[in-house]
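Just so it is clear, the structure is predicted and the values come from calculations on it, not from any experiment. Letters A, B, ... mirror the listed sequences (proteins, then strands); counts begin at 1.
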Amino acid sequence: MLLDKSFFERDTLTVAQQLIGCHLVRRIDDQIIRVAITETEAYKGSEDPASHASRGVTERNRLMFGDAGIMYVYFIYGMHCCMNIVAHRPNEVGAVLLRGGEVVEGIGLIRANRGEGIADHLLLNGPGKLAKALGINLEWNGYDLLQETHNSIWLEYKEPIRPIRSTPRIGISKAVDLPWRYLYE
DNA sequence: TTCTCGATATTCT
DNA sequence: GAATATCGAGAAA
């Protein structure tokens, strides 16, 4: 089942949790990469000090203030892209960072994007790695995941296959006590 | 296994 | 000019 707008127009924390287990599918020409999402983080509201949105609208973060279901991709540490999905209640602010996944289909294409000789469990265990494995770069910023023609990337709902837990978020220095990271036990 | 550290560019102060 | 929603290599253990 494809995820629709009502899925993303909910509380950012709820969406982050519900995305665990869902399949992220990428089509390149006639080849398919299918990844099960295993780790997410919520960046909710303009008052979350760890969020890009905490200092108001800027050229980079403006999508977080806009429609839910849009991809928000940003460049970080001079070399990596991170892939988010805008998700929040109407007229609110927030996005979910996709931090990790496991391969369901398309291992060959993933290795081609990530480099040969990488152990399976290291292919998708980080936001920069996930984006690179799927061939996601800054050109994807603003892509509408809800559009009718799901030609190149889309999301399908799946039940989680294991219990989910929450922990503090990774790589931040502010609001480190908020347990807004979700992943499998 | 856990750690430290350098690379690198965009964004914001 | 400083910080950053990271990664991988290499050392220590």
Stems in DNA chain B, runs of 3 or more consecutive Watson-Crick or G-U wobble pairs with both distances under 3.5 Å, sorted by first number, are B:1-7 with C:6-12, B:9-12 with C:1-4
Looking only at heavy atoms, the pair that brings A:S51 and A:M64 closest together is OG-CE, 3.4 Å
With a cut-off of less than 4.0 Å, is there a side-chain N or O of A:S173 near OP1 or OP2 of C:dT4? yes
Does a nitrogen or oxygen in the side chain of A:R114 sit under 4.0 Å from OP1 or OP2 of C:dC7? no
So what does A:R169 touch, heavy atoms closer than 4.0 Å: a base, only the sugar-phosphate, or nothing? nothing
With a cut-off of less than 4.0 Å, is there a side-chain N or O of A:T58 near OP1 or OP2 of B:dT11? no
N/O (side chain, A:R181) to phosphate O (OP1/OP2, C:dA5) under 4.0 Å: no
For A:L97, answer base if it contacts any base atom (sugar-phosphate contacts may also be present), sugar-phosphate if it contacts only those atoms, and nothing otherwise; contact means non-hydrogen atoms under 4.0 Å. base
Report, as yes or no, whether the 6.0 Å neighbourhood of atom CG on A:D177 holds more than 12 heavy atoms from other residues, nucleotides or ligands. yes
I need the minimum non-hydrogen distance between A:K129 and A:L122, along with the two atoms involved. CD-O, 3.4 Å
Side-chain N or O of A:K132 closer than 4.0 Å to phosphate OP1/OP2 of C:dC7: no
Any N or O donor-acceptor pair linking the side chain of A:Y74 to the base of C:dA5 at under 3.5 Å? yes
Report which part of the nucleic acid A:M83 touches: base, sugar-phosphate, or nothing (heavy-atom distance under 4.0 Å, all strands). nothing
Among the candidates B:dC12, B:dA7, C:dT6, find the nucleotide nearest to the side-chain atoms of A:R60. B:dC12
Identify whether any heavy atom of A:F75 sits under 4.0 Å from a base atom; if not, whether one sits that close to sugar-phosphate; answer base, sugar-phosphate or nothing. sugar-phosphate
Closest to side chain of A:Y72, choosing from C:dT6, C:dA5, B:dT13: C:dA5
Can a side-chain donor-acceptor contact be found between A:S152 and A:R27 if the only test is distance below 3.5 angstrom? no
Is the NZ or CZ atom of A:R10 both under 6.0 Å from the centre of the six-membered ring of A:F8 and within 45° of that ring's axis? no
Please determine if a side-chain N or O atom of A:H52 lies less than 4.0 Å away from the OP1 or OP2 oxygen of C:dA5. yes
For A:R169 and A:D48, run salt bridge (Lys or Arg N to Asp or Glu O under 4.0 Å): C-alpha distance rounded to whole Å, both residues' side-chain angles, the deciding distance at 0.1 Å, then the answer. CA-CA 12 Å; A:R169 293 171 290 183; A:D48 170 10; 2.8 Å; yes
Answer yes if the side chains of A:Y72 and A:H52 hold a donor-acceptor pair under 3.5 Å, and no otherwise. yes
Return the value, rounded to whole Å, for the distance between atom CG of A:L98 and atom C1' of C:dT6. 15 Å
